Amino acid sequence: METHVTVRVVDHLNRPVSGAMFVINESPVPMPEIALITNDAGEIHLNLPAGRYCFRASAYEATGELWLELENTKATSIELMLKRHPTGE
C-alpha cells in the first residue's frame with residue numbers, strides 16, 4: 001500500500017516556495033535519482049510506500065532537510081522549511 005504524500009516547501013517566513021528543487025535523498029526502496037520542482041503552491045505530490053525517508057529541497061541559496069517515518073495511511077501532508085546559509089558556508 002502506498003501513501004499519498006504532499007510536501008509543502010516553505011521559506012523562513014512560512015511562505016510557499018515555488019520552483020524549489022526537491023529530491024528524495026534516502027528511502028527504504030530504490031528511487032530514481034531525479035529532482036522534482038515544486039508547483040506554484042510550493043508543493044510536491046508523491047505516492048510512497050511505508051518506511052523512513054530523507055527529503056531535501058533547495059532554492060535561492062537556501063536549503064532544507066526533513067526526515068519522515070511514513071506509515072501506511074491514505075494521505076499525509078508535511079512542511080519542509082528552507083533556511084538561508086551565511087555566505088561562505
Side-chain angles (χ1 to χ4, degrees):
M1 180 175 155
E2 291 190 333
T3 297
H4 180 80
V5 179
T6 300
V7 181
R8 183 172 179 251
V9 178
V10 297
D11 66 12
H12 68 286
L13 298 175
N14 209 37
R15 297 176 299 202
V17 179
S18 65
M21 184 175 69
F22 174 89
V23 296
I24 298 175
N25 195 52
E26 292 189 33
S27 69
V29 295
M31 300 292 284
E33 293 183 24
I34 60 169
L36 303 171
I37 304 298
T38 57
N39 63 19
D40 288 342
E43 296 176 342
I44 294 288
H45 298 273
L46 306 161
N47 290 312
L48 300 170
R52 185 170 166 82
Y53 292 85
C54 178
F55 300 141
R56 288 192 180 157
S58 61
Y60 313 108
E61 300 179 13
T63 60
E65 179 179 280
L66 176 72
W67 285 89
L68 174 68
E69 186 71 38
L70 189 60
E71 298 180 8
N72 285 328
T73 59
K74 288 188 177 186
T76 191
S77 296
I78 58 172
E79 285 192 349
L80 194 163
M81 183 175 287
L82 301 183
K83 296 179 184 175
R84 289 197 177 270
H85 297 285
T87 305
E89 286 189 23

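Here the structure is a predicted model, which is why all the values come from computation and not from measurement. The figures here come from the full heavy-atom set of this structure, side chains too, leaving out hydrogens, waters and symmetry mates.
- Checked by atom type and distance alone, the side chain of S27 pairs as donor or acceptor with a backbone atom of V29 at under 3.5 Å.
- Of all heavy-atom pairs between P28 and A50, the closest is CG-O, 3.6 Å.
- When all heavy atoms of V5 and L70 are compared, the pair lying nearest together is CG2-CD2, 3.8 Å.
- When all heavy atoms are compared, the tightest approach of T38 to G19 is OG1-N, 3.0 Å.
- Across all non-hydrogen atoms, the minimal contact from A20 to V9 is CB-CG1, 4.1 Å.
- No salt bridge links E43 with R8; every basic N to acidic carboxylate O contact stays at or beyond 4.0 Å.
- Considering all non-hydrogen atoms of both residues, V17 and A59 come closest at CG1-CB, 3.8 Å.
- No continuous path of hydrophobic side-chain contacts links V7 to I37 [ILVMFWY only; heavy atoms under 4.5 Å].
- Using a 30° and 60° split on the angle between ring planes, H45 and H4 fall in the parallel class, below 30°.
- For the pair T3 (side chain) and N47 (backbone), a donor-acceptor distance under 3.5 Å is absent.
- W67 and E65 form a side-chain donor-acceptor contact under 3.5 Å, judged by distance and modelled atom types alone.
- Within 6.0 Å of atom CE in M31, more than 12 heavy atoms from other residues, nucleotides or ligands are found, so the atom counts as buried in its surroundings.
- The minimum heavy-atom distance between R84 and Y60, with the atom names listed, is NH1-O, 2.6 Å.
- Two different hydrophobic clusters hold V10 and I78 under the rule that ILVMFWY side chains link at heavy-atom gaps under 4.5 Å.
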